Amino acid sequence: MPDSIRPMFAASRRSLAAAILLSVATATPLLSGCSTNPATGEQSFTAFMSPEQERQVGREQDPQIKQEFGGAYDDAELAAYVTRIGNKLAATSEMPNLDFTFTVLNTPDINAFALPGGYVYVTRGLVALAENEAELAGVIAHEIGHVTARHSAERYSRGTAIGLGAAILGILTDSQAIADLAGLGSQLYLKSYSRDQEFEADTLGVRYLSRSGYETAAMASFLQKLGNASRLQAEIAGANHDPDAVDLMATHPRTIDRVQKALIAASVRPVSNPIVGRDPFLDQVDGVLFGSDPKEGMIRGQTFLHKDLSFQFEVPPNFRIYNQPQRVLAADPNGARFIFDAAPKSAGQAPASYIRDSWAKGQAVRDLENIAINGMDAATGWLAITAKNGATYILRLVAIRYDADTLYRMQFLIPSQRAGALNEDMRRTTYSFRPLSAEERAGIRPYRVKVMRYDGTASEQSLAGSIPFPGYEVRYFRMINGLESGEQPTSGSRVKTISPQ
C-alpha cells in the first residue's frame, strides 16, 4: 500500500482499459497496410500504427507503466548497468537510431515487456532471478526483438481491423488516432504474443546477443530458470494464487524447445569466448530489494506491517497475504477471503456511522456494534451475501478509527458453512490491528538479495536460512542459483541468498 492509500474499488493496474475500438481508421487505405519489416524481412500488417505513432504512444504510456509497476527502481548504478546492456544490444539491431529507453521497474513481479517506440522494461524481481549478465541480456534482446519486429503495431492493427469489420464509421485525424491509441493503456502490451511473434522475437534476440558477443545459450538457460521459479512459486502459494500477479510465463508463452529452434533459425556463428558476465552481474544484483517495497508495506509470515504508516495486523493461519497498491488481500485454500484498505472521505465520521451510512449504505447490516481495538474506536457488523451461483457467504465488516483523518477497513468474506469455524480467527485478526512503536519501526528491515562466497563447508540450510519462505528455503536457494536438487555450489563460488538488511 502506498503512503497515500486509495479506495479499495479504485481501478487495478491490470484493468486500465476495456475494448474501445468503436471507430478507428487512418488516412492509409486498408489494402496498403502491409509493409516490409526491416528486422524480419517479411511483410507485416501495421496499417493502423505508423512508426511515428509508435514513438508517440510509447512516450505517452511510459509514465503510466511506471506508475502501475511501482515506478523506476531507485538504484542509479543498476539502472546505468541495464541501460548499457540495452544500448549495446540495440546498436546491433536493424533500428540502431531508435532512441531506446531501458527501465528497471520497482516491483517483485518477474516480468519484462516493451512499449512501441523502444521503451523496454525489466522488473527488479526478474533481475534478482537471473544468474549472469548474458541471461539478463537475453531477456532484453528478446524485448528489443518485439520492438524491431513491430509486434505491438501489428497486434494493434489486426485487432483494429477485426473491430472495424465491414463498416468504417469515419476517418479520424492523426491526433485523434494517437489519443485513441494512448487510451488503450498498458493492457495491450501485457497481453500474450502469438507463438509466431514470440519465435520471431527469440530469433531476433539471438541475433542481437550474438552480434554483441554474448553467450546465446543464456536465453534458453534463463527460460529454464523461469519455469522452475514459476512452478515453485505456484507450489508455495498452493491454491491461493494472486489474480493480479503479472507473470512472464503468461505474457510471453514460450518453451525451451521453441527457444532452441530459434537458436538454430537465427543462423548465427558461434561466438568465440562469449560474454557470460557472472561476476559483474552479481556485483550489481547484490543488495537489490526483494519482495514488497517497504513504502508499500511488508509481509512477514502471517503478519502485514507498514513502517511509514505505522501499523500491523495478522491474518489467520493458512491464509496467504498479497500486497497490492490499493489494498492488502489474504485468502485460504477453502474460499475464505480478507481485504484491508483505507476508507475514502471518512474524516471525522464515527466507525459505526461510516459502516451504516457510507460503506454499506442501503444494506441491512446486522449486529452493528461499537468496539475498541487496542485503544482505537471501531465498529463491526455483518451482511448475508448470495453469489450469482447461489453460494452464500457472511461478509464481516470492521471499521477502525486510526486517527482523525484515517479510518481503516477490514472485510472478511466467509462461506456460510465455515462462518462458525472461522469466527475466532476473524476475531483475532480484527484485534491484532495496532500501531507500531518507535522501536518496532526502527527495527524493520526489508529483504534484499545478498551475494556471498561459498566456503565449501556451509550447509544449504544455513545459506538459505533467512529466505522468507518457510519450508521452501533450500529449494528457493537452489532455484535462484540455478542448482539442481542435491547439487552443491562450487567451493569458492559466489551465491545469492535473501536476507533482511
Side-chain angles (χ1 to χ4, degrees), residues 1-8 70-71 74 106 108 287-330 338-344 346-352 354-355 369-380 396-412 424-450 465-470 473 498-501:
M1 294 175 59
D3 292 348
S4 177
I5 304 179
R6 286 157 288 183
M8 163 189 164
D74 187 15
N106 184 25
V288 166
L289 191 64
F290 180 85
S292 298
D293 191 315
K295 69 184 180 183
E296 294 185 352
M298 301 171 67
I299 300 168
R300 294 287 189 268
Q302 301 305 107
T303 300
F304 179 85
L305 50 85
H306 202 301
K307 181 177 181 179
D308 292 344
L309 298 179
S310 190
F311 68 77
Q312 75 168 44
F313 60 84
E314 299 175 9
V315 301
N318 300 321
F319 275 62
R320 181 167 175 82
I321 304 174
Y322 304 101
N323 188 16
Q324 297 186 335
Q326 296 89 20
R327 57 189 179 178
V328 179
L329 306 179
F338 168 82
I339 303 172
F340 175 90
D341 68 352
S346 63
Q349 197 169 9
Y354 174 78
I355 291 176
E369 62 175 325
N370 293 307
I371 58 176
I373 298 176
N374 294 311
M376 295 169 285
D377 290 337
T380 184
R396 168 67 64 177
L397 305 177
V398 180
I400 307 168
R401 173 57 65 190
Y402 182 79
D403 58 31
D405 298 319
T406 309
L407 188 144
Y408 288 118
R409 309 189 299 190
M410 292 182 177
Q411 297 179 67
F412 302 85
E424 186 59 30
D425 285 335
M426 288 190 288
R427 179 180 175 83
R428 287 195 183 111
T429 295
T430 299
Y431 286 94
S432 72
F433 182 86
R434 65 176 180 82
L436 296 173
S437 68
E439 292 77 16
E440 287 173 324
R441 293 178 62 195
I444 295 174
R445 295 181 297 166
Y447 282 100
R448 295 184 182 275
V449 177
K450 181 180 180 180
S466 59
I467 292 177
F469 298 113
E473 298 93 341
I498 311 297
S499 65
Q501 299 178 40

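Computed from a predicted model, the values in this text were never measured in an experiment.
In this structure, the separation between NE2 on H306 and CZ on R441 is 10.5 Å, given to the nearest 0.5 Å. Considering CZ of R427 and OG of S432, their distance stands at 12.0 Å, rounded to 0.5 Å. We find the CD-NZ distance between E296 and K307 to be 15.5 Å, quoted to the nearest 0.5 Å. The OG1 atom of T303 lies 12.0 Å from the CE atom of M298; values are rounded to the nearest 0.5 Å.
Judged by distance alone, the side chain of Y402 and the main-chain N or O of L309 form a donor-acceptor pair under 3.5 Å. Checking side-chain atoms of T429 against main-chain N and O of E314 turns up a donor-acceptor pair under 3.5 Å. No donor-acceptor pair closer than 3.5 Å links the side chain of D377 to the backbone N or O of I400.
Residues K450 and S499 have side chains in contact (heavy-atom distance under 4.5 Å, counting atoms from C-beta outward). When side chains are defined from C-beta on, R300 counts as touching L305, because their heavy atoms get closer than 4.5 Å. Looking at P500 and S466, their side chains come closer than 4.5 Å, going by heavy atoms from C-beta outward. By the 4.5 Å heavy-atom criterion applied to side chains, I321 and L329 are not counted as neighbours.
Across every non-hydrogen atom of P108 and S292, the tightest pair is CG-N, 4.4 Å. Nearest heavy atoms, I371 versus A379: CG1-N, 3.9 Å. Residues G70 and K295 come closest through the heavy atom pair O-NZ, 4.4 Å. Across every non-hydrogen atom of I299 and F304, the tightest pair is CG1-CD1, 4.1 Å. Scanning both residues, A352 and N370, for their nearest heavy atoms gives CB-OD1, 3.3 Å. The two residues Q302 and P317 have their closest heavy-atom pair at NE2-CA, 3.9 Å.
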Given R448 and I498, is the side chain to side chain contact (heavy atoms under 4.5 Å, CB included) satisfied, shown in steps? CA-CA 6 Å; R448 295 184 182 275; I498 311 297; over 6 Å; no

Determine, step by step, whether V449 and L289 satisfy the side chain to side chain contact (heavy atoms under 4.5 Å, CB included) criterion, reporting the C-alpha distance in whole Å, the side-chain angles of both residues, the deciding distance to 0.1 Å, and the verdict. CA-CA 6 Å; V449 177; L289 191 64; over 6 Å; no

Please lay out, stage by stage, how R428 and T430 fare under the test side chain to side chain contact (heavy atoms under 4.5 Å, CB included). CA-CA 5 Å; R428 287 195 183 111; T430 299; over 6 Å; no

Test S346 against R401 for side chain to side chain contact (heavy atoms under 4.5 Å, CB included), laying out the working first. CA-CA 9 Å; S346 63; R401 173 57 65 190; 4.3 Å; yes

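Side-chain contact, R409 with Y354: a donor N or O sits under 3.5 Å from an acceptor N or O.
Residues that satisfy the side-chain hydrogen bond (donor to acceptor under 3.5 Å, both in side chains) test with T380, not counting sequence neighbours, are R396. Under the salt bridge (Lys or Arg N to Asp or Glu O under 4.0 Å) criterion, D293 pairs with no residue at all, not counting sequence neighbours.
Between F340 and F313, a ring centre-to-centre spacing shorter than 6.0 Å is recorded. Checked against the 6.0 Å centroid threshold, F338 and F319 do not count as a close aromatic pair.
When the shell of 6.0 Å around CG of N374 is examined, it contains more than 12 heavy atoms from other residues, nucleotides or ligands.
Between R434 and E440 there is a salt bridge, since at least one side-chain N of the basic residue sits less than 4.0 Å from a carboxylate O of the acidic one.
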